[in-house]
2 protein chains.
Amino acid sequence: MADKQPVNSLAEQVMARLIADIRGGRLAPGTRLPTEQALTTELGVSRTVVREAVAALRADGLVVTRRGSGAYVADPAAGPFRIASPRAPSLPDILDVMELRLAVEVEAAALAAERASRRQLATIRTAWRAIDAALLRGEGAVAEDFAFHRAIAEATGNDQFPRFLAYLGSHVIPRQSVRLDVDTPAQRRLYLERIQAEHAQIVAAISDKDPSEARRAMRDHLTRSLERYRTLAGGIRNGRR
Amino acid sequence: MADKQPVNSLAEQVMARLIADIRGGRLAPGTRLPTEQALTTELGVSRTVVREAVAALRADGLVVTRRGSGAYVADPAAGPFRIASPRAPSLPDILDVMELRLAVEVEAAALAAERASRRQLATIRTAWRAIDAALLRGEGAVAEDFAFHRAIAEATGNDQFPRFLAYLGSHVIPRQSVRLDVDTPAQRRLYLERIQAEHAQIVAAISDKDPSEARRAMRDHLTRSLERYRTLAGGIRNGRR
DNA sequence: GGCGGTGCAGTTGTCAGACAACTGAAGACC
DNA sequence: GGTCTTCAGTTGTCTGACAACTGCACCGCC
C-alpha cells in the first residue's frame, strides 16, 4: 500500500513507452511513428488505447497527426515546461524553484523600474497598501503579497514575466502560510512588518525609475525569504556546494 | 486559404469546449465534470470522441479521472507552463522570451560562481573551448554556444535552471543562425569572436568564484545579444515604454 | 437503534468491428 | 511525357459490448 500509482491505465503505459521512444531519440522529430494498427499488435492492446495515448501526446505537443497520412513526431520545442517532481515536492525542490523565482523577479523589478507606466505604478502602490490593510486587520497577507509581486511583473510590459510568475507562484506560495503558523502572533506581526519595509524599498526604487536599486531591493527581499526557508531545511541539505 | 485550421477534429472541438468551461469558471476545481454519456448526448458526438478529449485534458493536467467515479477538474496549479503564442511567434515575442532568459541566466552565472564544483568548472571550460574550435574551423557555433550556457546552468546545482533553459532555448536559439546569414563571412567572424571574448569574462568570473562579476559579465553578454535583436525589430516595436 | 456486510446502479477503462474521410502513390489513359 | 483515376493504407468517428471499480442504499445482524 506504499506506492499508490502502479501505472493505472494501459493508455498511460503506451504513452510512457512512446514518450520514451521520442525523448530517447529512437523516434526523431519529423519521422512518422508506427501506425495505430502496428502499435496494437506490437503492444498487445486495442486501438482505443493506442488512440487515447496518441491523443495525450498530441495534447502535450509531442506529436501531430495528419488524417490519412499518419502521426509524426513534432518539433521538441513545442513541448511544455513543467516543474520537476510534480508529486510530493520536497523542501529542497521548493528551494530550487524559489531560486528560479528570485532570478525572474529581480529582473522584473529592474524592468518595471525602467518601463512602468503611471497606471502600472499606481497598481503596484495599491497592491502594497492592500498588504498594509491586511496587516492592520491582523491577518496574513499571502494573497495580497502575491498580487503585489504580480503587479510588478506586469509593469515590465513583458507578458512572459507575469505568466511565468503565476505558474511558479502556484507551486511555491501555498507553503508560506504553513510556515507562519509556527510563530507566535507577536513574532508573526514583526515578521510581516519587516517584509513590508522591504516592499517599501522596492516600491520606492521603481517609483524613482532606478533599475539597479530595484534589483538590489528585490534581491534582498527574496534572498532573506530564501534564507528563512533554508534554515528550515536545516539538516536536510546544509551546504550544497 | 488563409486560415488552415478549420478546427479539424470533433475531439478538438469537445476539448476546446471543456477547456472553456474550466478556465471560464463554469467548472470549478474539484468539481466533477459531466459523465461521458452526458457529454455524448449533450454534444451529439460518440463516446470515443469524448474519451479522446478527456484524455487530452488529462495529459494537460487539467483534469484527473477516477475509474468508477468520474472525471474531476484538477487544481489549476498542476497545469504546465507554455511560452505564449506557440504558433507563429513574432519577433517581439522572441524578445520577450529572451528577456526572461536573460533574467534566469544572469542568476545562474552568479550561482555557478558560488557553487560550481571543479568538475563542473572543467565542463564549462571545455564547452568554451569547443566554441573556439568551431570558430577556428570557420563554422557557426550555435550548438556549442548552447552547450556552454547549459554547462553554466548545470553548475548551479539547481536542476530547475538547466531544465528551464533547455525549454526556453528550444524557442529562442534556432533563430540565431538565421540572423548570422545576413552578414558577410568577415563580419560574421568578427561578431563571433567578440561573443567569445564576452564568454571569456564569464568563465573567468565563475572560476574566480566572484558572483557579482559573473552577473555583470553575463548581463553584458545577453544584453548586447538582446540589443542586436532589438535593432532588428526596428520599426516594429521601437520604444516599448 | 447502531453497525457492518452485500448487492446494485452508475462510471470509467478496454475490446472489437465497422464505416467515413482523407492521403499518397502506383497505374491507366491520352 | 504528362495528366487522371483508382486503390490500398491511415486516421477519425460511430456503435455495441464487457470488465473493473466506486459510491450508496438496502438489509440483516447484534
Side-chain angles (χ1 to χ4, degrees), chain A residues 1 3-19 21-22 27-75 78, chain B residues 1 3-19 21-22 27-75 78:
Chain A
M1 66 183 71
D3 51 336
K4 192 65 206 104
Q5 291 274 84
V7 190
N8 278 344
S9 72
L10 281 179
E12 281 178 27
Q13 288 176 254
V14 174
M15 192 179 153
R17 154 70 185 270
L18 289 176
I19 287 178
D21 280 353
I22 293 174
L27 289 174
T31 62
R32 217 187 70 176
L33 40 79
T35 68
E36 293 174 358
Q37 201 176 16
L39 288 173
T40 58
T41 60
E42 181 189 345
L43 302 176
V45 297
S46 76
R47 203 183 148 208
T48 308
V49 172
V50 172
R51 281 197 60 76
E52 243 170 83
V54 172
L57 259 48
R58 198 183 38 197
D60 266 349
L62 268 69
V63 307
V64 293
T65 57
R66 289 214 300 272
R67 175 207 204 106
S69 174
Y72 299 82
V73 180
D75 191 337
Chain B
M1 67 183 71
D3 52 335
K4 189 68 207 103
Q5 290 275 82
V7 190
N8 279 344
S9 72
L10 282 179
E12 279 177 30
Q13 288 176 254
V14 173
M15 194 179 151
R17 155 70 185 270
L18 289 176
I19 287 178
D21 280 352
I22 292 174
L27 289 173
T31 61
R32 218 188 68 177
L33 39 80
T35 69
E36 294 173 356
Q37 201 177 18
L39 288 172
T40 58
T41 60
E42 182 189 344
L43 303 177
V45 296
S46 76
R47 203 184 148 208
T48 308
V49 171
V50 171
R51 282 196 61 76
E52 239 169 272
V54 172
L57 260 47
R58 198 183 39 198
D60 265 349
L62 269 70
V63 307
V64 292
T65 57
R66 288 212 299 272
R67 175 203 200 111
S69 174
Y72 299 81
V73 180
D75 190 341

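The analysis underlying the following values was restricted to heavy atoms, covering all of them including side chains, and did not include hydrogens, waters or symmetry mates. Quick note on labels: first sequence line is chain A, next is B, and so on, each numbered from 1.
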When you compare the side chain of [Y] with that of [X], does any pair of heavy atoms fall below 4.5 Å?
| X | Y | answer |
| --- | --- | --- |
| Val14(B) | Arg17(B) | no |
| Met15(A) | Asp60(A) | yes |
| Leu62(A) | Val73(A) | no |
| Asp21(A) | Leu33(A) | no |

(message) Which heavy atom of Ala56(B) sits nearest to which heavy atom of Ala55(A), and what is that distance?
(response) CB-O, 4.1 Å
(message) For a quick check of understanding: with a heavy-atom distance under 4.0 Å over all strands, which category does Thr48(A) fall into, base, sugar-phosphate or nothing?
(response) base
(message) With nearest nucleotide decided by heavy atoms, which residue, Gly70(B) or Arg47(A), maps closer to the 5′ end of DNA chain C?
(response) Gly70(B)
(request) Under the side chain to side chain contact (heavy atoms under 4.5 Å, CB included) rule, collect the residues that match up with Ala38(B), sequence neighbours excluded. (result) Pro34(B), Thr35(B)
(request) Could I get the full list of side chain to side chain contact (heavy atoms under 4.5 Å, CB included) partners for Arg66(B), not counting sequence neighbours? (result) Ser69(B), Tyr72(B)
(message) Tell me the bend of the helix from dG1(C)-dC30(D) to dC30(C)-dG1(D) as the angle between end helix axes, each from five pairs, rounded to the nearest 10 degrees.
(response) 10°
What is the separation between atom [atom1] on [X] and atom [atom2] on [N], rounded to the nearest whole Å?
| X | N | atom1 | atom2 | answer |
| --- | --- | --- | --- | --- |
| Leu10(B) | dC19(C) | CG | C1' | 15 Å |
| Gln37(A) | dG17(C) | CD | C1' | 12 Å |
| Arg51(A) | dG13(C) | CZ | C1' | 16 Å |

(message) Distance under 4.0 Å to a non-hydrogen atom of chain A counts as contact; along DNA chain D, which nucleotides mark the start and end?
(response) dG9(D) to dT13(D)
Can you tabulate the close N/O pairs, meaning under 3.5 Å, that link protein atoms to atoms of nucleotides 22-27 of chain C?
{"unit_1": "dT23(C)", "atom_1": "O4'", "unit_2": "Gly68(A)", "atom_2": "O", "d": "3.3"}

(request) Decide yes or no on side-chain contact (heavy atoms from CB on, under 4.5 Å) for Leu27(B) and Val63(B), but give the supporting numbers first. (result) CA-CA 11 Å; Leu27(B) 289 173; Val63(B) 307; over 6 Å; no
(request) Using only side-chain N and O atoms of Arg58(B), determine if any of them is under 4.0 Å from OP1 or OP2 of dG13(C). (result) yes
(request) Calculate, to the nearest 0.5 Å, the distance between atoms CG and CG belonging to Leu39(B) and Leu18(B) respectively. (result) 6.0 Å
Identify every side-chain donor-acceptor pair in residues 47-54 of chain A under 3.5 Å, counting partners at least two apart or on other chains, and give the distances.
{"unit_1": "Arg47(A)", "atom_1": "NE", "unit_2": "Glu36(A)", "atom_2": "OE1", "d": "2.6"}
{"unit_1": "Arg47(A)", "atom_1": "NH2", "unit_2": "Glu36(A)", "atom_2": "OE1", "d": "2.9"}
{"unit_1": "Arg51(A)", "atom_1": "NE", "unit_2": "Glu52(B)", "atom_2": "OE1", "d": "3.0"}
{"unit_1": "Arg51(A)", "atom_1": "NH1", "unit_2": "Glu36(A)", "atom_2": "OE2", "d": "2.7"}
{"unit_1": "Arg51(A)", "atom_1": "NH2", "unit_2": "Glu52(B)", "atom_2": "OE1", "d": "3.2"}
{"unit_1": "Arg51(A)", "atom_1": "NH2", "unit_2": "Glu52(B)", "atom_2": "OE2", "d": "3.0"}
{"unit_1": "Glu52(A)", "atom_1": "OE1", "unit_2": "Arg51(B)", "atom_2": "NH2", "d": "3.1"}
{"unit_1": "Glu52(A)", "atom_1": "OE2", "unit_2": "Arg51(B)", "atom_2": "NE", "d": "3.0"}
{"unit_1": "Glu52(A)", "atom_1": "OE2", "unit_2": "Arg51(B)", "atom_2": "NH2", "d": "3.2"}

